[in-house]
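Below is one structure, written out as structure tokens; comments come after it.
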Amino acid sequence: MRAVLQRVSEAACRVEGNITGQIKTGFLVLLGIEDADTTEDVQWLAQKIANMRVFGDENGLMNKALADINGNILIISQFTLFAQTKKGNRPSFIRAARPEKAIPLYEQMIAELGKLTGKPVATGIFGADMKISLVNDGPVTITIDTKVKE
């Protein structure tokens, strides 16, 4: 499982012109799911996201987590995070999980983040043509891969 966390002052997802999810301060999370992913990946990654300390404290240092700033999460499924680009110029997405595997894990991630933060998690629509707008704060962008765990 791969996630790109973007610290935002606002973010929104639109599908066919309608807002499906919108937040103010918090994280826009782009989530890629591969066939090898399990519930354990969901739990580990959700903990990382909920507890990531990249929000400024009184001294301007990145010491605060979402709960400390009353932040929110907008999560977007993004299979393209598993693009393989080694051969040619057209990426392969063979490592990305098929919807029958990915959707339950995506839904588990939404539920787990909601439980950890005690707040509803804003979302896009799995598999839809989504238009994402955001104001990246910092910019601060963090990538996390459950198979690498750096």
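All values reported here derive from a predicted model rather than from experimental measurement.
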The complete set of salt bridge (charged side-chain N to carboxylate O under 4.0 Å, His left out) pairs with one or both residues in residues 37-58, sequence neighbours excluded, reads Asp37-Lys147, Asp41-Lys147, Glu58-Lys64
Any side-chain heavy-atom pair of [X] and [Y] under 4.5 Å:
X: Leu28; Y: Ile76; result: yes
X: Leu116; Y: Gln47; result: yes
X: Leu45; Y: Leu31; result: yes
X: Asp145; Y: Thr143; result: no

May I ask whether [X] and [Y] are part of the same hydrophobic cluster, defined by side-chain heavy atoms of I, L, V, M, F, W, Y residues being less than 4.5 angstrom apart, directly or through others?
X: Val8; Y: Ile49; result: no
X: Val42; Y: Phe126; result: yes
X: Val121; Y: Tyr106; result: yes
X: Val29; Y: Ile23; result: no
X: Ile69; Y: Val54; result: yes

Under 6.0 Å between ring centres, would you say that holds for Phe55 and Phe27?
yes
Should the heavy atoms of other residues, nucleotides or ligands under 6.0 Å from [atom1] of [X] be counted, would the total exceed 12?
X: Asn59; atom1: CG; answer: yes
X: Glu16; atom1: CD; answer: no
X: Leu61; atom1: CG; answer: yes

Q: Walk me through it: do Thr141 and Val4 pass the test side-chain contact (heavy atoms from CB on, under 4.5 Å)?
A: CA-CA 7 Å; Thr141 303; Val4 175; 3.7 Å; yes
**Q.** Steps toward side-chain contact (heavy atoms from CB on, under 4.5 Å) verdict (Met52, Ile144)
**A.** CA-CA 11 Å; Met52 187 65 55; Ile144 305 172; 3.8 Å; yes
What are the two closest non-hydrogen atoms of [X] and [Y], and how far apart are they?
X: Met130; Y: Val15; answer: CG-CG2, 3.7 Å
X: Ile125; Y: Thr20; answer: CD1-CG2, 3.6 Å
X: Leu81; Y: Gly32; answer: CD1-N, 3.5 Å
X: Ala83; Y: Phe93; answer: CB-CE2, 3.4 Å
X: Met62; Y: Val140; answer: SD-CG2, 4.1 Å
X: Gly26; Y: Leu66; answer: CA-CD2, 3.8 Å

Practice task
Kindly say whether Lys131 contributes a backbone atom to a donor-acceptor pair with the side chain of Arg14 at under 3.5 angstrom?
Solution key: no
Is Lys119 reaching over with its side chain to a backbone N or O of Asn70, donor-acceptor style, under 3.5 angstrom? yes
To the nearest 0.5 angstrom, please state how far the [atom1] atom of [X] sits from the [atom2] atom of [Y].
X: Leu105; Y: Ile33; atom1: CG; atom2: CD1; result: 5.5 Å
X: Leu74; Y: Leu134; atom1: CG; atom2: CG; result: 9.0 Å
X: Thr123; Y: Glu107; atom1: OG1; atom2: CD; result: 9.5 Å
X: Thr38; Y: Met1; atom1: OG1; atom2: CE; result: 7.5 Å
X: Ile110; Y: Ser77; atom1: CD1; atom2: OG; result: 8.5 Å
X: Thr117; Y: Glu112; atom1: OG1; atom2: CD; result: 10.0 Å

